[in-house]
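For reference, the structure is listed below as structure tokens.
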Amino acid sequence: MVAASASATGFRSTGHSAQGLGLANALGADAEHVSSMSYNPAGLAFQDGQHVQASFARPYVKMESPASGKSQPDTTLYPNSLYATYRSPASAFGLGLAVDRPYRMDSEWDFGEAGAATRTELDLVDVNPTVSYRLRPDLALSLGADYYHALDFEYSSVASDGSGEVARTGDGDGWGGTVGLMFWRESWSLAATYSSGADLTLAGDNLNDDDFRLPSEARIGLKYRPSLRWSVHLDAVRRGWDEFDGLEGVDATGKDWEATVGYKAGAIARLSDRSEIRFGYSYEPDPKDDATFDPRSPSGDEHLVSVGGGWRGQNLTLDVAYSYAVSPSRNVEGAAVEAYDGRHRTNAQYLTFSLGWSNF
């Protein structure tokens, strides 16, 4: 899992693997790497053999608020994703199973004002079985289910009379789906993916089957390979943050966030048949409006630069990536909770490792 706190704006995690993070997550039209199925699962129909990969990440995140100082989530190295894929060379079908953490929140504040955020945690696992079918030699379609389970959920705040904290903790789950389409050639490929999002139903202390909406996501990716050594990757991603209304029963007026379109660009330089280096840049706009602003997740438009590399042996693969994300300070005016007014800042760094095994 790539972050103890989602670095990207909103509360979407920064990446799924070292291959993805090294390219600033511009893997929407890639069919070469195992973790590509999290960006476009249709690529499974173009991957031969059996592949397993696990990823681990260590985040360094700092969020600053004018009235409550800093919130710095845990920096422990922890598991981020697991992928298993299979396709027989003679088959038109590709199969895959992904287990990862696409959304996370981890923050703690001390504003003191009634209704203000205190402790927030979202530790969400997505189990995603997928089947991809090659409609023709260069065109594939995929369908997958997404089962989301919140292992830990906390959405606490100062009581309405300011007398103390109302702790809301529990767990819950929900279902969604993903569809992908990929046109693949050796020199270039084009792909599109849509994920439906989901409504989590949460129960526990001060939670009574309350709904928490995960936004939908649409991605278009282009990969161009001008030579055997180089490939260029470009993605555009629309996230439906306008669907997010906070936690039912707590954010009584809902949220008025905006849908966002982010852009990602990356390149791979292949040093040999066994090794490659990657680098990328991405931009993600902030979806939050001033009136319903909250600091539970990072704020401000995000600019992320990344670098990474990979080595492939006869069966083993090893990948590593580092990214640095900067969000220019966000000035909030007219928030429903007055303590939120002022400048908010987020800085983040991520180190991710992936270890895999392949049998062609």
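Numbering starts at 1 and runs along the sequence shown.
As a member of the Ile/Leu/Val/Met/Phe/Trp/Tyr network built from side-chain separations under 4.5 Å, Y39 groups with L23, L27, I268. In this structure, V237 stands alone, with no Ile, Leu, Val, Met, Phe, Trp or Tyr side-chain heavy atom under 4.5 Å from its own, directly or through other members. Taking Ile, Leu, Val, Met, Phe, Trp and Tyr as hydrophobic and joining them when side-chain heavy atoms fall under 4.5 Å apart, one finds M182 in a cluster with F46, W184. Applying the under-4.5 Å side-chain rule to Ile, Leu, Val, Met, Phe, Trp and Tyr, the cluster around F279 extends to W230.
D171 pairs by the salt bridge (Lys or Arg N to Asp or Glu O under 4.0 Å) definition with nothing, not counting sequence neighbours. Legend: residues meeting side-chain hydrogen bond (donor to acceptor under 3.5 Å, both in side chains) with E243, ordered by chain and number and at least two apart, are R213, S216. Scored by the salt bridge (Lys or Arg N to Asp or Glu O under 4.0 Å) test, R270 finds E32 as partners (sequence neighbours excluded). Applying the salt bridge (Lys or Arg N to Asp or Glu O under 4.0 Å) test to D138 and every residue at least two apart in sequence or in another chain returns R136, R185. Listed by chain and number, the residues in a side-chain contact (heavy atoms from CB on, under 4.5 Å) with S157 are R168, R296 (sequence neighbours excluded). With sequence neighbours excluded, no residue satisfies salt bridge (Lys or Arg N to Asp or Glu O under 4.0 Å) with E333.
Under the side chain to side chain donor-acceptor pair (under 3.5 Å) criterion, the residue pairs touching residues 141-151 are D146-T178, Y147-D173, with sequence neighbours excluded. For residues 113-134, every residue pair satisfying the ring-ring contact (aromatic ring centres under 6.0 Å, His included) rule, not counting sequence neighbours, is listed here: F93-Y133.
Using the six-membered ring where Trp is involved, F212 and Y155 have ring planes that are perpendicular, over 60° apart on the 30 and 60° scheme.
No more than 12 heavy atoms of other residues, nucleotides or ligands lie within 6.0 Å of CD in E338, so this atom counts as exposed by the packing criterion. The 12-atom threshold is not exceeded at CG of D273, counting heavy atoms of other residues, nucleotides or ligands nearer than 6.0 Å.
For F11 and W241, the gap between ring centers is short of 6.0 Å. Between H344 and F293, the gap from one ring centroid to the other is short of 6.0 Å.
Tested against E284 for a salt bridge (Lys or Arg N to Asp or Glu O under 4.0 Å), the candidates R239, R238, R12 yield a single pass: R239. Remark: of the listed residues D294, D245, D242, D290, D294 is the sole one forming a salt bridge (Lys or Arg N to Asp or Glu O under 4.0 Å) with K255.
Comment: R104 does not engage D152 in a salt bridge, judged by the lack of any side-chain N to carboxylate O separation of less than 4.0 angstrom.
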